[in-house]
There are 2 protein chains.
Amino acid sequence: MAKHDPALDHVFTALGDPTRRAVLERLATGPATVSELNALVPMAMPSFMGHLRKLEEAGMIATQKDGRVRTCALVAGALGPARDWLSAQKALWEDRLDRFDAFVTQLAKDQTE
Amino acid sequence: MAKHDPALDHVFTALGDPTRRAVLERLATGPATVSELNALVPMAMPSFMGHLRKLEEAGMIATQKDGRVRTCALVAGALGPARDWLSAQKALWEDRLDRFDAFVTQLAKDQTE
DNA sequence: GTCATGTTTAGCCATATTCCTAAGTATTCG
DNA sequence: CGAATACTTAGGAATATGGCTAAACATGAC
């Protein structure tokens with residue numbers, strides 16, 4: 001397990017905002033322009049661009065400008081590390097809680113004997 | 001899919017910090033006191049307490065004070081929503097990318113014909 | 001009771017975040 | 001060319017975040 005993974009910092013932080021999650025959810029259905037994405041939330045364009053920039057810096061979306069229109073799309077595999085961390089953690093977590101459960105169960109059994 | 005889930009905001013934001021992830025990783029092996037956890041990172045206790053408070057507010061850890069010692073432990077199922085969101089998203093994401101792949105493949109095939 | 005230990009509170013500082021408006025640039029349309 | 005469209009840049013304000021030191025508290029050990 002990595003001591004300190006800055007990529008994970010960026011990805012989780014990016015996911016911690018509802019506007020940015022909404023963008024990702026929308027992009028999961030296919031690419032979209034900045035204006036189309038901005039229409040999802042009631043926010044001025046410059047503010048919204050800040051969110052897109054963070055998603056791009058986190059490596060979660062890629063953008064490309066054609067003429068005056070910028071199109072955004074998801075980056076494959078960007079969620080992998082986050083999901084892996086969570087899965088590993090959840091496994092340990094539940095294993096640990098299971099053992100605690102067993103401990104409590106054993107305790108209860110001992111008392112009834 | 002929830003329009004705007006504040007619980008998810010808190011959980012992902014909490015995960016976006018290496019100090020807090022280190023705490024969770026440590027707690028996955030069993031409960032620990034505040035001092036024990038603080039020893040994991042070079043940080044003054046009051047600063048560190050701020051991180052613990054965030055984890056507690058996010059519902060990810062529970063704490064309890066016995067005498068002058070506060071013990072911290074994981075909360076079961078706290079990672080569930082985050083993991084679920086990521087899994088759902090990743091599924092859509094990869095499905096979408098697969099279809100894009102198929103589209104590109106088809107395009108290439110068309111050109112060679 | 002005194003003293004060490006383990007937090008907790010209070011208060012401060014620097015920087016980052018998240019929003020805004022106004023004005024600028026670049027492209028496309030008529 | 002002129003006007004509309006789609007961003008982009010510049011700059012600013014409010015609040016949040018992440019760190020600190022110093023001092024207060026509460027409890028356990030002697």
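Naming convention: chains lettered A, B, ... in sequence-line order (proteins, then strands); numbering from 1 in each chain.
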By the 4.0 Å heavy-atom rule, please label G50(B) as base, sugar-phosphate, or nothing.
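Contact class for G50(B): none.
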If the threshold is 4.0 Å, N to carboxylate O, is there a salt bridge linking D9(A) and R21(B)?
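A salt bridge links D9(A) with R21(B).
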Gap between atoms [atom1] and [atom2], on [X] and [N] respectively (whole Å):
X: L55(B); N: dT17(D); atom1: CG; atom2: C1'; answer: 14 Å
X: L52(B); N: dT9(C); atom1: CG; atom2: P; answer: 13 Å
X: N38(A); N: dT5(D); atom1: CG; atom2: C1'; answer: 14 Å
X: E56(B); N: dT8(C); atom1: CD; atom2: C1'; answer: 14 Å
X: M49(B); N: dG6(C); atom1: CE; atom2: P; answer: 14 Å
X: R70(B); N: dC25(D); atom1: CZ; atom2: C1'; answer: 13 Å
X: Q64(B); N: dT27(D); atom1: CD; atom2: P; answer: 14 Å
X: D9(B); N: dT17(D); atom1: CG; atom2: P; answer: 11 Å

With a 4.5 Å heavy-atom cut-off, do [X] and [Y] have their side chains touching?
X: C72(A); Y: L37(A); result: yes
X: F12(A); Y: T13(B); result: no
X: R53(B); Y: F48(B); result: no
X: V75(B); Y: M60(B); result: no

What string of B, S and - do you get for nucleotides 11-20 of chain C 5' to 3' if you count protein non-hydrogen atoms under 4.0 Å?
------SSBB
Residue pair S87(B) / R83(A), side-chain donor-acceptor N/O under 3.5 Å:
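Checked: S87(B)/R83(A) side chains pair up, N/O donor to acceptor below 3.5 Å.
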Side-chain N or O of K65(B) less than 4.0 angstrom from OP1 or OP2 on dT8(C)?
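Indeed, a polar side-chain atom of K65(B) lies that close.
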